[in-house]
Enquirer: 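Just passing along the structure, written as structure tokens.
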Amino acid sequence: MTTITIEQAGKFDGQEVTIKGWLYNLRESGKLIFPIFRDGTGIIQGVCALKESPEAFEALKGLTQESSVIVTGKIRAEQRAPGGFEIGVSKIQIVQKVPESTPFPIQLKEHGVDFLLDHRHLWMRTPRQAAILRIRAEAIRSAREYMDSQGYTLTDAPMFTPAACEGTSTLFEVNYIDDEKAYLTQSGQLYAEALALALGKIYTFGPTFRAEKSKTRRHLTEFWMLEPEAAYAELPDMMNLGEGLVSAIVQGVVKNKSRELEQLKRDITKLENIKPPFPRISYEDAIDVLGKAGNPAKFGDDFGGDEETLISKNFDKPVIIHRYPTAIKAFYMQPDPDRPDLALAFDMIAPEGYGEIIGGSQRIHDYDLLLKRLKEHNLPQESFQWYLDLRRYGSVPHAGFGLGLERTVAWICGTEHIREVIPFPRMIYRVYP
RNA sequence: UCCCCGAUAGCUCAACGGUAGAGCAUUCGGCUGUUAACCGAAGGGUUGCUAGUUCGAAUCUAGCUCGGGGAGCCA
């Protein structure tokens with residue numbers, strides 16, 4: 001007997017096959033039962049008549065949701081079945097029956113967020129959540145494929161760091177050996193710079209941690225970031241790379257995960273449109289745009305969620321905002337030689353209010369300037385000795401950015417909340433399950 | 001840390017000062033083409049906690065706890 005996955009069912013029309021999965025739902029009608037099976041690749045309706053398969057009928061009768069089953073039967077095209085195919089159940093083996101006393105908690109109806117998050121380990125079995133996690137995997141695959149194709153080498157930055165990368169955000173402190181303090185990384189960037197000066201073009205990809213007390217649908221305490229860094233690269237190179245990377249991710253998902261996007265009822269035409277070039281506006285132009293829209297932002301203000309959404313509403317692609325005031329940006333960012341009050345930095349804002357998905361910049365490569373900035377920001381010079389070394393031995397202009405995986409995937413999927421696009425979301429006040 | 005909102009059956013919600021209710025889930029019964037199936041019946045509650053106002057509080061007030069959304073900060 002051939003064992004197939006549900007997504008392959010259409011190719012086995014008229015054949016007797018076996019499916020290994022779980023009971024997703026059951027509709028009974030006296031002497032006829034319609035069980036819906038899932039196996040992680042999709043769902044398929046089964047039919048079982050008392051007259052034709054009495055043994056299977058008795059086994060299925062009253063079977064509880066999410067009981068694990070191995071089903072054998074003939075696949076046939078059937079217009080009345082969701083998905084166009086159904087399986088005529090001739091034999092069923094119950095691997096484990098969910099007890100009636102403790103029914104599966106996730107029902108086929110609306111649930112509250114708190115309840116779903118408490119049952120995340122079971123919530124992920126629903127077709128929608130499975131589709132999202134498959135899209136996440138494809139986003140990672142296409143991102144890496146694109147970076148590799150551009151000559152970037154995947155390297156890894158450490159999770160434990162001796163000090164803040166940017167000095168602003170709150171860090172998770174870890175007790176290290178005796179008097180030593182260590183922190184969970186909030187960015188691999190500083191290490192990426194060292195690697196770029198060693199290998200030329202590199203990227204890191206891994207989890208990163210922010211102890212900010214952010215409670216919004218755009219924030220996670222633990223999230224994944226892809227951070228390219230390239231020696232001899234300047235701001236425009238990174239804006240081009242970011243544009244290419246985001247396009248490659250979106251097009252990869254559109255091409256290879258269209259079924260999942262349909263499952264999420266995502267408007268695919270909006271995603272098909274995501275190709276270079278992306279609109280680019282300077283920070284100062286963005287201030288003008290905001291002013292015309294009635295927003296009071298003035299030069300020197302940083303943009304919050306409202307401002308980002310307002311600007312992105314003017315475009316149907318991600319928008320790049322570049323050259324922010326030096327005063328509101330991180331200490332390591334290279335000032336514009338023509339306008340020292342502006343930093344050679346850029347952000348990429350996703351459409352539809354999903355916020356900032358990329359933040360990047362050209363880095364200071366001059367030793368004296370970097371030292372001055374460290375002092376201005378009251379950062380512990382001892383912790384940054386190795387970082388200063390990079391400006392002492394063959395320093396070159398270099399640049400990079402960080403792409404937030406979950407925000408990107410949340411935008412592609414059109415989910416209301418970022419917590420749906422990571423298997424086990426970690427947020428402030430939530431570490432279970 | 002600050003601002004706003006919420007907490008009632010396993011779940012989603014209603015009742016808004018006068019005996020705590022519905023749908024789903026569970027149990028039992030019915031149904032041969034169902035589509036979160038449907039129809040009938042049953043069980044299921046210290047209304048988040050503590051105090052107060054009142055003849056009477058799920059409902060009004062205060063504090064606390066937990067959660068949600070947002071600000072700040074960021075990807």
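Order of the sequence lines fixes the chain letters, A, B, ..., with proteins taken first and strands second; residue numbering starts at 1 for each chain.
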Enquirer: B:G72, OP1 or OP2 - any side-chain N/O from A:Arg210 closer than 4.0 Å?
Expert: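 Indeed not, no polar side-chain atom of A:Arg210 lies that close.
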
Enquirer: With a 4.0 Å cut-off on N to O distance, would you call A:Glu243 and A:Arg280 a salt bridge?
Expert: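 A salt bridge links A:Glu243 with A:Arg280.
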
Enquirer: Who pairs with A:Arg218 by side-chain hydrogen bond (donor to acceptor under 3.5 Å, both in side chains), at least two apart in sequence or on another chain?
Expert: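 Scan of A:Arg218 (side-chain hydrogen bond (donor to acceptor under 3.5 Å, both in side chains), adjacent residues dropped) gives none.
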
Enquirer: What is the distance, to the nearest angstrom, from the OH atom on A:Tyr354 to the P atom on B:G70?
Expert: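 In whole Å, B:G70 P lies 12 Å from A:Tyr354 OH.
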
Enquirer: Could you work out which one of B:G33, B:U12, B:A71 sits closest to the side chain of A:His111?
Expert: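 So the nucleotide nearest the side chain must be B:U12.
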
Enquirer: Given B:C74, B:G33, B:G67, identify the nucleotide with an atom nearest to the side chain of A:Glu86.
Expert: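 Taking heavy atoms from C-beta onward, the closest nucleotide is B:G33.
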
Enquirer: Given the structure, check if the side chain of A:Ser214 and the base of B:C73 hold any donor-acceptor pair shorter than 3.5 Å.
Expert: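 Indeed there is one.
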
Enquirer: With both distances kept under 3.5 Å, what pairs with B:A22, Watson-Crick or G-U wobble?
Expert: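 B:U12 - that is the nucleotide pairing with B:A22, both distances being under 3.5 Å.
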
Enquirer: NA contact type, A:Asp347, heavy-atom cut-off 4.0 Å: base, sugar-phosphate, or nothing?
Expert: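 No contact at all - A:Asp347 keeps every heavy atom at 4.0 Å or more from the nucleic acid.
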
Enquirer: In terms of side-chain geometry, is the basic nitrogen of A:Lys61 or A:Glu28 positioned less than 4.0 Å from the acidic oxygen of its partner?
Expert: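 Salt bridge flag = no for A:Glu28 with A:Lys61.
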
Enquirer: What is the per-nucleotide protein-contact pattern of nucleotides 2-10 of chain B, from the 5' end, where B denotes a base atom under 4.0 Å from a protein heavy atom, S denotes such proximity for sugar-phosphate atoms only, and - denotes neither?
Expert: --------B

Enquirer: Reckon A:His417 touches a base, only the sugar-phosphate, or nothing at all at heavy-atom distances under 4.0 Å?
Expert: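 Since only primed, P, OP1 and OP2 atoms lie under 4.0 Å of A:His417, the category is sugar-phosphate.
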
Enquirer: Would you say A:Tyr432 and A:Leu117 make side-chain contact, with heavy atoms under 4.5 Å?
Expert: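 Heavy-atom side-chain distance check fails, nothing below 4.5 Å.
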
Enquirer: Can you tell me the distance, in whole Å, between the CD atom of A:Glu227 and the C1' atom of B:C74?
Expert: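 Roughly 13 Å, once rounded to whole Å.
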
Enquirer: For the pair made of CG in A:Leu117 and P in B:C11, what is the distance, rounded to whole Å?
Expert: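 Going from A:Leu117 (CG) to B:C11 (P), I get 14 Å.
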
Enquirer: What is the distance from CD1 of A:Ile106 to P of B:C24, rounded to the nearest Å?
Expert: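 Atom CD1 in A:Ile106 sits about 19 Å away from atom P in B:C24.
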
Enquirer: Quick one: look up who B:G33 pairs with, Watson-Crick or G-U, both distances under 3.5 Å, and put none if it's unpaired.
Expert: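 Pairing partner: none.
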
Enquirer: Quick check on contacts: within residues 397-412 of chain A, what sits under 4.0 Å from RNA chain B by heavy-atom distance?
Expert: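 Going residue by residue through residues 397-412 of chain A, the ones with a heavy atom under 4.0 Å of RNA chain B turn out to be A:Gly402, A:Arg407.
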
Enquirer: Under 3.5 Å, side-chain donor or acceptor atoms of residues 303-311 of chain A against the rest of the protein: list the pairs with distances, not counting sequence neighbours.
Expert:
from: A:Glu307; atom 1: OE1; to: A:Gly304; atom 2: N; distance (Å): 2.8
from: A:Glu307; atom 1: OE2; to: A:Asn295; atom 2: ND2; distance (Å): 3.3
from: A:Thr309; atom 1: OG1; to: A:Gly305; atom 2: O; distance (Å): 2.8

Enquirer: Side chain of A:Leu32 only, please: which of B:U32, B:G69, B:G68 is the nearest?
Expert: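 Between B:U32, B:G69, B:G68, the one nearest the side chain of A:Leu32 would be B:U32.
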
Enquirer: Do any of residues 38-51 of chain A sit with a heavy atom less than 4.0 Å from RNA chain B, and if so which?
Expert: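 Contacting residues: A:Gln45, A:Val47, A:Lys51.
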
Enquirer: Under the salt bridge (Lys or Arg N to Asp or Glu O under 4.0 Å) test against A:Glu284, which residue among A:Arg339, A:Arg323, A:Lys298 passes?
Expert: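 With A:Glu284 as partner, A:Arg339, A:Arg323, A:Lys298 yield a single salt bridge (Lys or Arg N to Asp or Glu O under 4.0 Å), made by A:Arg339.
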
Enquirer: Provide the distance between the two P atoms, one in B:C49 and one in B:C66, to the nearest whole Å.
Expert: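 Pairwise P distance, B:C49 against B:C66, rounds to 15 Å.
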
Enquirer: Please figure out whether A:Ser101 or A:Ile418 has its closest RNA chain B nucleotide nearer the 5' end.
Expert: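 Whichever sits nearer the 5' end wins; that is A:Ser101.
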
Enquirer: Considering every strand and a 4.0 Å limit on heavy-atom distances, what is the contact class for A:Gly112: base, sugar-phosphate, or nothing?
Expert: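 Contact class for A:Gly112: sugar-phosphate only.
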
Enquirer: Given atom CD of A:Glu212 and atom P of B:A71, what is their separation to the nearest angstrom?
Expert: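 The answer, rounded to whole Å, is 13 Å.
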
Enquirer: Are the ring of A:Phe34 and the base ring of B:G33 both nearer than 5.5 Å at their centres and tilted by less than 30°?
Expert: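 So no, this residue does not stack on that base, at least one cut-off failing.
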
Enquirer: In residues 24-31 of chain A, which residues come under 4.0 Å of RNA chain B by heavy atom?
Expert: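 Close to the strand are A:Asn25, A:Arg27, A:Glu28, A:Ser29, A:Gly30, A:Lys31.
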
Enquirer: Are the charged groups of A:Glu229 and A:Lys201 less than 4.0 angstrom apart, N to O?
Expert: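 Not counted as a salt bridge, because no side-chain N and carboxylate O are separated by less than 4.0 Å.
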
Enquirer: Across all strands, who's sitting opposite B:A62 as a Watson-Crick or G-U wobble pair, both distances under 3.5 Å?
Expert: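 Per the H-bond distance test, B:U50.
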
Enquirer: Under 4.0 angstrom, heavy atoms only, what part of the nucleic acid is A:Ile358 near: base, sugar-phosphate, or nothing?
Expert: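 Answer is sugar-phosphate: A:Ile358 comes under 4.0 Å of backbone atoms only.
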
Enquirer: Could you give the CG-to-P distance, from A:Leu116 to B:C11, as a whole number of Å?
Expert: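 Spelled out: CG on A:Leu116 to P on B:C11 is 11 Å.
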
Enquirer: Does B:G40 pair with anything, Watson-Crick or G-U wobble, both distances under 3.5 Å, and if so, with which nucleotide?
Expert: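 B:C28 is the nucleotide pairing with B:G40.
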
Enquirer: Mark yes or no: A:Lys329 above the aromatic ring of A:Tyr324, with NZ or CZ under 6.0 Å from the six-membered ring centre and no more than 45 degrees from the axis.
Expert: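 Yes, a cation-pi geometry holds between A:Lys329 and A:Tyr324.
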
Enquirer: Could you work out which one of B:C74, B:G70, B:G67 sits closest to the side chain of A:Arg217?
Expert: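 Minimum distance to the A:Arg217 side chain belongs to B:G70.
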
Enquirer: Using the closest heavy atom to pick a nucleotide of RNA chain B for each, name whichever of A:Phe223 or A:Leu63 lands nearer the 5' end.
Expert: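 The 5'-side residue here is A:Leu63.
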
Enquirer: Please check if any side-chain donor atom of A:Arg210 sits under 3.5 Å from a side-chain acceptor atom of A:Thr208, or the reverse.
Expert: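 No, no side-chain donor-acceptor pair sits under 3.5 Å.
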
Enquirer: Without decimals, in angstroms, what is the distance between A:Asp118 CG and B:G68 C1'?
Expert: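 My rounded result for the distance is 13 Å.
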
Enquirer: Choose from B:U12, B:G68, B:A75 the nucleotide whose nearest atom is closest to any side-chain atom of A:Met225.
Expert: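 Nearest listed nucleotide: B:A75.
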
Enquirer: Whole angstrom is fine here: how far is it from CD in A:Gln186 over to C1' in B:C73?
Expert: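 One finds 11 Å between C1' of B:C73 and CD of A:Gln186, rounded.
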
